[in-house]
2 protein chains.
Amino acid sequence: MPNDKITSLDVAKRAGVSQSAVSRVFTKGASASQKTIDKVRKAAKELGYRPNVLARSLITGRSRIVGLVVAYLDNYFYPVALQKLSNALKEEGYHVMVFMASDTTKDIERVVDEMLDYQVDAIVAASVPLSSDLAGRCRDEGIPLVFFNRSQAGENLTSVTADNYAGGKEIARFLAAHHPERIGYIAGFEGASTQRDREAGFLDGLNAAGREVSSRTVGNFNTQETRAAALAMFSTPRHPDAVFVANDHMAFTVMDVLRSELHLTVPGDVILVGYDDVPPAVWAGYSLTTVRQRTGRMVEETVKVLMNAIATGEAPVANIKIAGPLIVRGSAPAPKGWAG
Amino acid sequence: MPNDKITSLDVAKRAGVSQSAVSRVFTKGASASQKTIDKVRKAAKELGYRPNVLARSLITGRSRIVGLVVAYLDNYFYPVALQKLSNALKEEGYHVMVFMASDTTKDIERVVDEMLDYQVDAIVAASVPLSSDLAGRCRDEGIPLVFFNRSQAGENLTSVTADNYAGGKEIARFLAAHHPERIGYIAGFEGASTQRDREAGFLDGLNAAGREVSSRTVGNFNTQETRAAALAMFSTPRHPDAVFVANDHMAFTVMDVLRSELHLTVPGDVILVGYDDVPPAVWAGYSLTTVRQRTGRMVEETVKVLMNAIATGEAPVANIKIAGPLIVRGSAPAPKGWAG
DNA sequence: AAGAATAATGCAATCGAATGCAGAATAACG
DNA sequence: CGTTATTCTGCATTCGATTGCATTATTCTT
């Protein structure tokens, strides 16, 4: 109640200069004499003044807010990414506003509206399918948009993803080297580019090794369906003895089903590989062999693209792919002669 | 490039009304005739107009932004909470801006400054120790502040937490009912109220049952130290056969150490209870008995308190505790005659 | 149908800072 | 030391809305 809103004018009065002078001191790139700077800084400190970002945004037309749209936060991958993104943007003087979107088109549309209302300077869409007209809206408004962990084929949009195709291929090479009897694949949500690319790489890789998938079911990136998919695949005597599950979270579920419900051992009866390398993959209870998503690099690239787009005003169309290594752990040990 | 910034003035022109009229149509609580509303809505739709939230904030003095400070996002508990908080606030027309803070005082101070710069209407501090002068700053600025999942003793601040004391006590009752030989406790970071309250409840509960802790080590809420703490506690032959670990993530680590490194079985050799009920607790690989934090309720209460504080302008001092049930799973099955 | 009460509207000021412009102060230079 | 080139500074305007006030249009009463 004592001090209600210190404005640049208050500081100006106390420092004996004009309001513009105060503004200039706090606007980098503006010119002010050392004497003025000192006076203003001193007065500002005494009053506890800090520029009102919102007011500044109004006139500069930049809010320094980046909108992040996410559908789920319950896949470990996203919180990790969010954390890194937030930190990286902080370095650039930007901040993240979180927008949750359920998967319905209607909802996503509303979310985009809300982001525009807040005048976000850029949008990061993490695994959220923005329709092309929504993406167009953003382009029209001049707001750079990056798809994180999803690419949208055909349309010239910017995306940053893991090199899912290469990863899938590497997993194929790895599993084939074990010379298993039968190879299975448990797919994620078919609409997701991650799913498609991983599978495509996997199939091509198997092909190159003269192998193919003997069994395929769909887990849709959720626990319930994954459990069903695992049961369907492994309830028969001639089940696969090697399986690639499209992401880590599904892989955990599959492993649980194998061990607890079907009394199969991993890696004894079945060797199993996931994708993402989320934190629990390293936990001894799972010790999952998987391909790492290099979240740090992905975030770095995302920030770089965004900052560049904001600076130049023109969004570069690019599909950036970050390759990640295969991390060999207990669920699928290295085959004889495996060099990595 | 075609349409650069549609303002209320553009809409006004097209609808043949004054700019104030447009504003009134989009400001709820303002009066406008049906005719005007229709004209404006139509023009707005045609032009794709939406009010600029930042401009509005400037004059109303409310940004409709809630600042969330978090230190870690790598404990599953926080992403879940964030997701719920974001959704709950969306209902109220607010949005969450995320601020990551490392544990250093300096950094937290900077973060608070940044939040104030953005004119946030309220602050939620999740497990971050805001010093009392920082809290005072917020109070002075009239910004309601809620501690989420941490309480700060003595100082009259608002907090929303689980009823950690009661939870700890219940765990004691539960473990005592197993009549174990020796009972252990692995503590979290001693500066955290969650840690202190859980332990206090646990000790009092044991006491009431005529038991006490035979071994205590500290895991500090992080993996490395927890592993060391577990090794220290269980490397001796007369190790505890029942243990309460201060949170789930540490409990997973402990379980991993017991099983993979010390070749002890859970629950055969040791029964083990955690706290939080984060998603992996239900995974078959762990199947952890734990006390649930009712995140949904906690978030609800947080939002309620904040909205009320924003509306009335006066922050109510309250320490809201949400009790949560003990969830019995495989790591510590129900003892004979356990009713819950 | 006239007068009172209420609702709707436009005008103009305002929120807090950034910035173009023109004039003042300082620096640079010969 | 006089000029010219720079750097500073203040004035006034602007960003895109909201809102108090005065005025006009409606609705309600009787």
Side-chain angles (χ1 to χ4, degrees), chain A residues 3-41 43-44 47-65 93 113-114 116-121 141-142, chain B residues 3-41 43-44 47-65 93 116-121 141-142:
Chain A
N3 53 347
D4 238 270
K5 297 291 173 198
I6 315 285
T7 76
S8 58
L9 202 63
D10 299 325
V11 178
K13 283 210 191 87
R14 175 174 259 257
V17 298
S18 74
Q19 180 268 331
S20 335
V22 176
S23 169
R24 289 194 172 99
V25 170
F26 285 95
T27 312
K28 64 175 215 154
S31 81
S33 69
Q34 194 56 49
K35 213 169 62 184
T36 305
I37 293 180
D38 292 343
K39 280 191 297 184
V40 169
R41 282 245 130 82
L47 293 173
Y49 167 80
R50 310 201 91 223
N52 179 327
V53 177
L54 265 34
R56 168 181 293 169
S57 300
L58 188 55
I59 196 153
T60 61
R62 327 200 132 300
S63 62
R64 305 194 82 85
I65 299 176
D113 282 342
E114 288 177 3
L116 298 180
D117 291 352
Y118 271 98
Q119 313 292 116
V120 298
D121 286 348
E141 303 259 359
Chain B
N3 52 347
D4 241 273
K5 296 289 174 198
I6 316 286
T7 75
S8 58
L9 201 64
D10 300 326
V11 178
K13 282 210 190 89
R14 175 174 258 258
V17 298
S18 75
Q19 181 266 337
S20 335
V22 176
S23 169
R24 290 196 170 98
V25 169
F26 285 94
T27 313
K28 65 175 212 157
S31 80
S33 68
Q34 195 56 48
K35 213 169 61 186
T36 306
I37 293 179
D38 292 344
K39 280 191 297 186
V40 169
R41 282 247 129 82
L47 294 174
Y49 168 80
R50 310 203 91 221
N52 180 326
V53 177
L54 266 34
R56 168 181 292 168
S57 300
L58 187 55
I59 194 154
T60 61
R62 328 200 129 301
S63 62
R64 307 196 79 85
I65 299 177
L116 298 181
D117 290 352
Y118 272 98
Q119 314 291 117
V120 298
D121 286 349
E141 303 258 0

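Chain A is the first sequence line, chain B the second, and so forth, proteins listed ahead of strands; every chain is numbered from 1. Every heavy atom of this structure was used, including side-chain atoms; hydrogens, water molecules and symmetry mates were not. For clarity, every value in this text was computed on a predicted model and none was experimentally measured.
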> Who are the side chain to side chain donor-acceptor pair (under 3.5 Å) partners of A:Thr36, not counting sequence neighbours?
Replying inline: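 A:Ser33.
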
>> The criterion is side chain to side chain donor-acceptor pair (under 3.5 Å); which residues satisfy it with A:Arg14, sequence neighbours excluded?
In response: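 A:Arg14 satisfies side chain to side chain donor-acceptor pair (under 3.5 Å) with A:Glu46 only.
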
>> A:Asp38: which residues meet the salt bridge (charged side-chain N to carboxylate O under 4.0 Å, His left out) condition with it, sequence neighbours left out?
In response: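 A:Asp38 satisfies salt bridge (charged side-chain N to carboxylate O under 4.0 Å, His left out) with no other residue.
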
> Under 4.0 Å between a side-chain N or O of A:Tyr49 and OP1 or OP2 of C:dG16?
Replying inline: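 The answer is no; no side-chain N or O of A:Tyr49 sits under 4.0 Å from OP1 or OP2.
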
> Under 4.0 Å between a side-chain N/O of B:Ser33 and OP1 or OP2 of C:dA8, yes or no?
Replying inline: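 It does not, given that no N or O in the side chain of B:Ser33 lies less than 4.0 Å from OP1 or OP2 of C:dA8.
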
> How far does CG of A:Leu54 sit from CZ of B:Arg62, to the nearest 0.5 angstrom?
Replying inline: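 The distance works out to 13.0 Å.
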
Looking at every heavy atom in both [X] and [Y], which two are closest together, and how far apart are they?
X	Y	result
B:Gln119	A:Lys5	NE2-NZ, 3.1 Å
A:Val25	A:Ala32	CG2-CB, 4.4 Å
B:Tyr118	A:Ser63	OH-O, 3.5 Å
B:Ala43	B:Ala15	CB-CB, 3.9 Å

> How many Å lie between CD1 on B:Ile37 and P on C:dA8, as a whole number?
Replying inline: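 In whole Å, C:dA8 P and B:Ile37 CD1 are 8 Å from each other.
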
> Rounded to the Å, how far apart are B:Leu9 CG and C:dG10 P?
Replying inline: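 About 12 Å, once rounded to whole Å.
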
> Is it true that the NZ or CZ of A:Arg41 lies under 6.0 Å from the centre of A:Tyr49's six-membered ring and within 45 degrees of the ring axis?
Replying inline: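 Not satisfied by the 6.0 Å and 45° rule.
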
>> Reading DNA chain D in the 5' to 3' direction, which nucleotide is the first one with an atom under 4.0 Å from a heavy atom of chain B, and which is the last?
In response: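 The contacted stretch runs from D:dG16 to D:dC21.
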
> Would you call A:Asn52 and B:Leu58 a side-chain contact if the rule is heavy atoms closer than 4.5 Å?
Replying inline: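 Of all side-chain heavy-atom pairs linking B:Leu58 with A:Asn52, at least one is under 4.5 Å.
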
>> Distance criterion of 3.5 Å, no angle test: do you see the side chain of A:Gln19 paired donor-to-acceptor with the base of C:dA18?
In response: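 Per atom types, the contact qualifies.
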
> Under a 4.0 Å heavy-atom cut-off, which of residues 22-30 of chain B touch DNA chain C?
Replying inline: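 B:Arg24 - these, ordered by number, are the residues of the stretch whose heavy atoms sit under 4.0 Å from the strand.
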
> Heavy-atom contacts under 4.0 Å between residues 51-64 of chain A and DNA chain C, which residues?
Replying inline: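 Contacting residues: A:Pro51, A:Asn52, A:Ala55, A:Arg56, A:Leu58, A:Ile59, A:Thr60.
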
> Does A:Arg64 use its side chain to pair, donor to acceptor, with the backbone of A:Gly93 at less than 3.5 Å?
Replying inline: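 Yes, A:Arg64 side chain to A:Gly93 backbone: donor-acceptor pair under 3.5 Å.
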
